[in-house]
Amino acid sequence: MSTEIKSHLTELLAHALAKVAPQQPASLITLERPKQAQHGDFSCPVAMQLSRILKRNPREIAAELVAALPPSDWLAQCEIAGAGFINLRLHPAAKQHVVRAVLGAGPRFGHSVRGQGQPVVVEFVSANPTGPLHVGHGRQAALGDAISALLDSQGFQVVREFYYNDAGAQIENLALSVQARAKGMDPDSLQWPADGYRGEYIRDIAADYLGGKATGGGRVAEVTGKNDPDDRDAIRLFAVAYLRREQDMDLLAFGVRFDNYYLESSLYTEGRVEQVVNAMVAAGKTYEKDGALWLKTTDFGDDKDRVMRKSDGSYTYFVPDVAYHVTKWERGFRRAINVQGSDHHSTITRVRAGLQAVGKNIPQGYPDYVLHKMVTVMKGGEEVRISKRAGSYVTLRDLIDEVGRDATRFFLVSRKADSEFTFDVDLAKSQSEDNPVYYVQYAHARICSVLEASQSGMTAETAGAADLTPLTSARELALLQRLGEYPEVLDIASREMAPHQVAFYLRELAGEFHSYYNAERVLVDDPALKRARLALIFTVRQVLVNGLALLGVGAPEKM
RNA sequence: GUGCCUGUAGCUCAACUGGAUAGAGCACCAGCCUUCUAAGCUGGGGGUUGUGGGUUCGAUUCCCGCCGGGCACGCCA
């Protein structure tokens, strides 16, 4: 595979470097992929960097390095170009090598053991059970799930976790809103709760509650409604169960599964919130003012101190959040990743400050954050405001129903997290055939079709045994090279927690395949050539399947 | 106003973390199906990378100043 080839070439250059400039560290050697084919398969800019240090002409240095390069079976040619680039060209055999690497590893091709089984908790979605999931949650679900899969592929032991804010003021708002509906109130009436939720779904919940229907089920405890609009506790329980159930169904439809759900309410019932507060007080990081308890977050880089316990005795939202993150640390997660909307970025300082204040030797940068920007939804040429309280809404369920699960997931994950996202629902619907996901899936379906038509009954074993030397055309070599890049794509994407790179890679691989498919015929008369080509597309299919699976997108055999 | 993020083709986005002539997809123009799926392929037009400086062999990338956009600055979450 390519990482193997790359490290081999790096080693060759390091040898040469040791001869030409013994003082310089081998770490100077980097290899990159030239954008243009005429610049070879790999390119090394080290001579230009050395030129400053050695105060010599870079092309001269490059010439000496090339002369000092040990011989290698994989290296076909190397030349000096431009300001002093050393361009390396591989022997076809080196590129053909990747086929056996892919087929040998199968679904695990591209995986590594870098994480060494280290436990990592990835927290995402974590929507309050106060309404259905919307597009922003969809972006987070697609992103968080793909990041989890990436880390998993690199040998980390990943736990996907969902944190429910099922205690606190917003839940009370929810209960009040449902109660108001149960009493026949309208959101426009004067008695409607000030911060109440106005959406139509509130009326549905109220109706089911009064009708004595059962809700919850599955992972959520079952709750039955009753015809009593005055029992706010019962209403609260019913509404939370109802909305958690709805969210579960949406996530299921989206193909996202969590390993663990953590309830904020449990932090109170287990006394963890109290413990955290006591620890902060004991550490001398708090003070009383205006009837409230404050945390000196300014000691940890915040621009002002924050209230922990309000004058009414209840805690502000970030206190249980700190307690929650203490549990992550105490559950053995030395690495924690939180996927959040960038609108919550001010919580980062507070949570981290709180973790410092409890004095458990938790590192300053704990947890890690991946922030994503908001999704702007366009519908009918107009922006749809996403506001739960106003009730105007584009739900994740709408998108799945209208655009399709695969397209929605691929689309939402194919932009880097910190770029703003415009999701035009009409466009995604009307032009769904132009969606990039179909392009990738189509490549997969085409390969399946050719393999079927070949009646070769090819398996990973037989493909791996094929003689690949007939694969020498420019397009075949390009395809082989592209296949070899996959492990590196996963490596970088997992380090940067940037799954969009996988989406782009898949598009490129699919493009390379479609070009090849149109230029050359796989099922040719020459049996050796046919066999080699079948093995090649068999390999492409494996990598497409691996990449799509990582993004939670299906790979249909027929389209 | 302060902090974080952001500005790349008409539109939506990339660019291997400092590399060679900044790339894809839509959209537009011209071609390709009696042959393994045309949801495809081939070619073409389209750019002062918001802007002005700086750092150096070399900048979309790093630093500084402006301009525009988003988000956050609650005893809401």
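Labels below follow one simple rule: chain letters A, B, ... track the order of the sequence lines, proteins then strands, and each chain is numbered from 1.
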Next on the checklist: Does the protein touch nucleotides 1-8 of chain B at the base, only the backbone, or not at all? Give it as B, S and - per nucleotide, heavy atoms under 4.0 Å.
Outcome noted: --BBBS--
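- In this structure, Pro499(A) and Leu550(A) have side chains that are not in contact, with every pair of non-hydrogen atoms separated by 4.5 Å or more.
- Residues Gly511(A) and Ile492(A) both approach RNA chain B. Their nearest nucleotides, taken by heavy-atom distance, put Ile492(A) toward the 5′ side.
- The interatomic distance linking Asp526(A) (CG) with C36(B) (P) rounds to 20 Å, in whole Å.
- Counting only Watson-Crick and G-U wobble pairs whose two distances sit under 3.5 Å, RNA chain B takes part in these stems of three or more pairs: B:1-7 with B:67-73, B:10-13 with B:23-26, B:28-32 with B:40-44, B:50-54 with B:62-66.
- No hydrogens or angles were tested; on distance alone, nothing pairs the side chain of Tyr442(A) with the base of A39(B) as donor and acceptor under 3.5 Å.
- The cationic atom of Arg198(A) (NZ for Lys, CZ for Arg) does not lie both less than 6.0 Å from the six-membered ring centre of Tyr201(A) and within 45° of the ring axis.
- Here the C1' atom of nucleotide C36(B) and the CD atom of Glu452(A) are 11 Å apart, to the nearest Å.
- Atom CD1 in Ile348(A) sits about 14 Å away from atom P in A72(B), given to the nearest Å.
- With a 6.0 Å cutoff to the six-membered ring centre and a 45° limit on the axis angle, Arg139(A) does not count as a cation-pi contact of Phe421(A).
- Rounded to whole angstrom, the span from the CZ atom of Phe410(A) across to the C1' atom of G25(B) amounts to 11 Å.
- As rounded to whole Å, 15 Å separates atom P of C57(B) from atom CG of Leu28(A).
- Going from the C1' atom of A15(B) to that of C33(B) covers 35 Å, rounded to whole Å.
- Under the 6.0 Å distance and 45° angle rule, Arg541(A) counts as a cation-pi partner of Phe538(A).
- Ranking U35(B), A77(B), C16(B) by closeness to the Asn165(A) side chain, first place goes to A77(B).
- Residue Phe504(A) and nucleotide A14(B) are not classified as a stacked aromatic pair, given the requirement of ring centres less than 5.5 Å apart at an interplanar angle below 30°.
- Using a cut-off of 4.0 Å between Lys/Arg side-chain N and Asp/Glu carboxylate O, Glu476(A) and Arg533(A) are scored as salt-bridged.
- Rounding to the nearest 0.5 Å gives a distance of 14.0 Å between CZ of Arg272(A) and CD of Glu264(A).
- The glycosidic torsion of C33(B) lies within 90° of 0, which places this base in the syn conformation.
- Within the cation-pi definition used here (under 6.0 Å to the ring centroid, within 45° of the axis), Arg244(A) qualifies as a partner of Tyr164(A).
- Checked by atom type, the side-chain pair Tyr366(A)/Gln356(A) shows no donor-acceptor distance below 3.5 Å.
- For the pair Leu509(A) CG and G40(B) P, the interatomic distance rounds to 16 Å; values are reported in whole Å.
- The CE atom of Met308(A) sits 13 Å away from the C1' atom of C75(B) (whole-angstrom rounding).
- The C1' atoms of U61(B) and G19(B) are separated by 11 Å, rounded to the nearest whole Å.
- Closest to the side chain of Arg446(A), from the set U37(B), A77(B), A14(B), is U37(B).
- For the pair Leu490(A) CG and C16(B) C1', the computed distance is 14 Å after rounding to whole Å.
- Arg33(A) has no carboxylate O lying under 4.0 Å from a charged side-chain N of Asp41(A), or vice versa, which leaves the two without a salt bridge.
- Taking the nucleotide of RNA chain B with the nearest heavy atom to each of Arg306(A) and Ala445(A), the more 5' of the two is matched to Ala445(A).
- A stacking contact between His344(A) and A72(B) is absent: the pair does not combine a ring-centre distance of less than 5.5 Å to the base's six-membered ring with planes differing by less than 30°.
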